[in-house]
Amino acid sequence: MAKILADHAGSMFSVTELAKTLGHSGGAVGNACDTLVCRGEAARVGEKPRMYRATPQTAAAAQATPTNPPSPTPAVPAPRPTAQPPKVAPPPGGKPQPITRPNGQQYHPRALAQLPDVEALRKLREAGVAVLLYGPPGTGKTSLIEAAFPDLITVAGDGDTTVGDLVGEYTQDSSGGYEFIYGPLVTAMQEGRPLLLDDATLISPKVLAALYPAMDGRRQIQVKAHKGETISAADGFYVIAGHNPGVHGAMLTEALASRFSVQIQVGSDYDLAASLKINRTAVRIARHLATGQQAGEVGWAPQLRELIAFQKIADVLGTEAAFANLVGIAPLEDRDVVAEIVTKALGRPVTALALGRQL
């Protein structure tokens with residue numbers, strides 16, 4: 001992985017592209033990429049899809065990595081101490097300092113149970129209490145988890161996620177034989193690391209069932225595909241999940257919900273959006289739509305992700321284009337309502353961003 005990134009410095013690769021090149025499973029490749037990111041030997045630049053690129057340290061990592069494993073039998077890594085994140089308790093009379101995520105962006109802690117949210121999640125991890133974060137896409141669920149746990153391993157869930165993507169599977173090696181590559185679940189258990197199931201409710205319940213024994217008192221799973229091997233969880237292993245209730249196909253089953261003793265609603269921090277110097281009118285429109293969404297008057301409202309994108313577009317193409325794009329990204333069934341609210345806020349008609357006549 002490191003060699004591919006180092007040989008193409010400046011280019012970005014998705015997990016799927018890397019998996020096809022290497023002939024390994026997407027779960028194993030995603031896990032390896034996130035390990036490189038934790039070490040500073042790669043950078044993560046995107047969420048859907050996850051994209052990775054080289055850093056100044058990638059070339060050294062590639063040189064230190066053997067190209068051909070000496071044995072087809074997977075080595076079981078020794079458990080390693082859990083990475084100790086910095087404390088984020090607010091200084092006297094001040095606010096908690098922003099935390100830099102693996103992609104270089106900063107996360108601004110929010111309040112949760114009279115604690116900074118990252119500190120609350122870390123305490124829940126220490127106590128072994130699983131957490132489910134739920135809310136619309138773009139509200140910062142993944143950002144919070146990445147800020148709280150620098151040793152995080154992430155599984156990007158969808159309807160195609162398989163048991164092999166979680167546990168591991170056999171893949172063909174360079175000599176034509178087959179070797180078993182552990183998946184992110186096994187790696188997290190062996191190394192005592194937190195595992196994020198991003199969009200967990202898009203994963204088939206039958207696939208998620210492979211995870212449940214690791215979350216209960218047994219803290220073990222059996223890898224049936226690899227000689228029935230039993231994997232026990234090291235101290236520090238922890239499962240946290242994200243759920244987008246409004247996404248098509250997302251299903252929070254009773255079996256899944258019962259595994260997460262703490263369930264936290266996450267909404268957009270519009271005060272933060274204003275403090276980040278995002279266009280105040282855009283923030284006001286987003287607040288208004290969010291209020292209408294809660295009242296059932298509209299089905300969509302811009303979240304923090306859309307507002308950050310709004311400001312980037314405004315900086316490049318101007319605010320007129322940014323407002324037009326805000327209308328255009330609204331779901332079709334809500335677009336007329338959004339256009340009406342934006343038009344009223346600006347005092348002039350605004351329609352979705354579109355190409356005009358030939359220049």
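If you're wondering where the values come from, they're calculated on a predicted model, not measured in any experiment.
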Go through the structure and list residues passing salt bridge (Lys or Arg N to Asp or Glu O under 4.0 Å) with Asp315, not counting sequence neighbours.
none
Within a reach of under 6.0 Å around CD of Gln106, are more than 12 heavy atoms found that belong to other residues, nucleotides or ligands?
yes
If Ile, Leu, Val, Met, Phe, Trp and Tyr residues are connected whenever their side-chain heavy atoms lie under 4.5 Å apart, and connections chain through other members, are Leu152 and Val262 in the same group?
yes
Test of understanding: clusters of I, L, V, M, F, W, Y form through side-chain heavy atoms closer than 4.5 Å, transitively. Do Val337 and Val350 belong to the same one?
yes
Give a yes or no on whether a salt bridge exists between Glu320 and Arg348, defined as a side-chain N under 4.0 angstrom from a carboxylate O.
yes
Charged N to carboxylate O below 4.0 Å: is that the case for Arg110 and Asp271?
no
Check the hydrophobic clustering (I, L, V, M, F, W, Y; side-chain heavy atoms under 4.5 Å; chains of links allowed) and say if Leu326 and Leu304 are grouped together.
no
Looking at the rings of Phe180 and Tyr170, which for Trp means the six-membered one, are their centres under 6.0 Å apart?
yes
Among the clusters formed by ILVMFWY side chains lying less than 4.5 Å apart, do Val207 and Phe260 turn up in the same one?
yes
Can you tell which of Arg287, Arg305, Gln303 makes a side chain to side chain contact (heavy atoms under 4.5 Å, CB included) with Ser268?
Gln303
Closest non-hydrogen atom pair, Ala130 against Met215:
CB-CE, 3.9 Å
May I ask you to decide if Leu202's main-chain N or O and Asp199's side chain share a donor-acceptor pair within less than 3.5 Å?
no
Polar side chain donor-acceptor pair, Asp117 to Tyr107, under 3.5 angstrom
yes
Ignoring hydrogens and geometry beyond distance, is a side-chain donor-acceptor pair present between Arg101 and Ser143 at under 3.5 Å?
yes
Okay, side chain of Asn244, backbone of Val247: is any donor-acceptor separation there less than 3.5 Å?
no
Is it true that the side chains of Ser232 and Gln220 contain a donor and an acceptor less than 3.5 Å apart?
yes
Considering residues at least two apart in sequence or located in another chain, which fulfil the side chain to side chain donor-acceptor pair (under 3.5 Å) criterion with Ser175?
Asp173
OH of Tyr134 to OG1 of Thr201, rounded to nearest 0.5 Å, is 13.0 Å
Worked check of side-chain hydrogen bond (donor to acceptor under 3.5 Å, both in side chains) between Thr154 and Asp198
CA-CA 7 Å; Thr154 300; Asp198 207 5; over 6 Å; no
Strictly below 4.0 Å, N to O, side chains only: are Glu229 and Lys227 in salt-bridge contact?
no
Could you check whether any side-chain N or O of Arg335 sits under 3.5 Å from a backbone N or O of Gly328, counting only pairs where one atom can act as donor and the other as acceptor?
yes
N/O donor-acceptor pair under 3.5 Å between Asp334 side chain and Pro331 backbone:
no
Just to verify, what does Tyr212 make a ring pair (Phe, Tyr, Trp, His ring centres under 6.0 Å) with, not counting sequence neighbours?
none
Can you see which heavy atom on Ala322 is nearest to which on Ile313, and at what distance?
CA-CG2, 3.8 Å
